[in-house]
Number of protein chains: 2
Amino acid sequence: MSPLVKTVLRFGLIILALLILFQLTNASLFIPSISVDFVIGIAAIILMALGIYLGRGIKKEKIIEVKPSSVIDEKRILSLGISPRELEVLQLISEGLSNQEIAERLFISESTIKTHISNLFVKLDVKRRTQAVIRGKEWRIIA
Amino acid sequence: MSPLVKTVLRFGLIILALLILFQLTNASLFIPSISVDFVIGIAAIILMALGIYLGRGIKKEKIIEVKPSSVIDEKRILSLGISPRELEVLQLISEGLSNQEIAERLFISESTIKTHISNLFVKLDVKRRTQAVIRGKEWRIIA
DNA sequence: TGTATTTTGGTACTAAAGTATGAATAGGTT
DNA sequence: AACCTATTCATACTTTAGTACCAAAATACA
């Protein structure tokens, strides 16, 4: 089901439930055999069930927002002064590539890769590529 | 807050809300200036809010159940023939330690660490420690 | 146009990682 | 006892990683 359909259904349910409640209230006023307390009880159950259903829907969307928590923190990248190329290299390091392989992938010399990596280590405050990957993920600057 | 306290609070809220509702209902019957529709409206809002709050709690627990999906696959460790010591070394590699640091941590020589690592690489079918970490997590043999 | 940053690359070096091979020891199994 | 596996360690070696220092282009920017 599309989100739109779901939303329409939800609001439809709310309106329907409210209508039924008002009708029940009126009925209870004219038909003494149905106690007001009974109506209130039914109303309570219906509305709480509705609330739980709606709350679930709200939460579901929130979960969807939370789950892809691997959103890159652009601000931190800027504050660390990490250049786009350096970030690209870091990403490839995290994918398990060697300096040679990264160089071939980016069509530049291994020498340049080493420069980028050395600069990265300073900015990330690490000593090894394995630590760089951990930091990169900790600080959400790579996926 | 502990889960027990939360549960008590929740049910306390439910009872409180119901009591208020019944009181309001009685009041509306004897004081005509307060319309029944008004009471029903307030009841609807309170109960739906309560329902959403309760539903949120239910969902939160479900999320907690889903999150710790990183259970170590002991069967795969055995099938790969990875020894306890090798696994220990792999874990420390994944924490960003150098061979020297791993050796000091485990009170054995760096030479032994290299042996373990070489054997690990064969079993994991990788060429570098960065790849070993990726494989280790892919195959759920490390956290 | 001048300036700052990024990107690129080189050389030379040190350090770390990884391979290959062999071997000793301890513990558990048959 | 004989056997197997895990663990340990060493030597010698090759490869990769990483550092230090420098410098030329390219790019962006005011």
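In the text below, chain A, chain B and the rest are named by the order of the sequence lines, each starting its count at 1.
Taking 4.5 Å as the limit, every side-chain heavy atom of I134(A) sits out of range of all side-chain heavy atoms of V126(A). Contact check for I102(A) versus H116(A): no side-chain heavy atoms found under the 4.5 Å cut-off. L106(B) is listed as a side-chain neighbour of L92(B), based on a closest heavy-atom distance under 4.5 Å. Counting heavy atoms from C-beta on, the side chains of R85(A) and T112(A) never come closer than 4.5 Å.
The nearest whole Å value for the distance from the CD atom in E101(B) to the C1' atom in dA15(C) is 13 Å. Counting to the nearest Å, the P atom of dA6(D) and the CG atom of L87(B) are 13 Å from each other. Rounding to whole angstrom units, CD1 of residue I93(B) and C1' of dG18(C) are separated by 11 Å. The CD atom of Q100(B) sits 14 Å away from the P atom of dG18(C) (whole-angstrom rounding). R85(B) places its CZ atom 16 Å from the P atom of dA26(C), with the value rounded to the nearest Å. I77(A) has its CD1 atom 13 Å from the P atom of dT6(C), to the nearest Å. One atom, CG of L97(A), and another, C1' of dA17(D), lie 15 Å apart when rounded to the nearest Å. The interatomic distance linking E88(B) (CD) with dA6(D) (C1') rounds to 13 Å, in whole Å.
Shown for residues 104-125 of chain A: residues whose heavy atoms fall under 4.0 angstrom of DNA chain C, namely I108(A), S109(A), S111(A), T112(A), T115(A), H116(A).
Close to dT7(D), at under 4.0 Å from its OP1 or OP2, lies a side-chain N or O of S83(B). Dashed line: the shortest gap from a side-chain N or O of R128(A) to OP1 or OP2 of dA16(C) is not under 4.0 Å. Phosphate contact (OP1/OP2 of dA17(C), side-chain N/O of N99(B), threshold under 4.0 Å): present.
Judged by distance alone, with hydrogens and angles left aside, the side-chain atoms of R128(B) form a donor-acceptor pair with the main-chain N or O of G96(A) at under 3.5 Å. Judged by distance alone, with hydrogens and angles left aside, the side-chain atoms of Q131(B) form a donor-acceptor pair with the main-chain N or O of K127(B) at under 3.5 Å.
Nearest heavy-atom pair across K137(A) and I142(A) is N-CG1, 3.8 Å.
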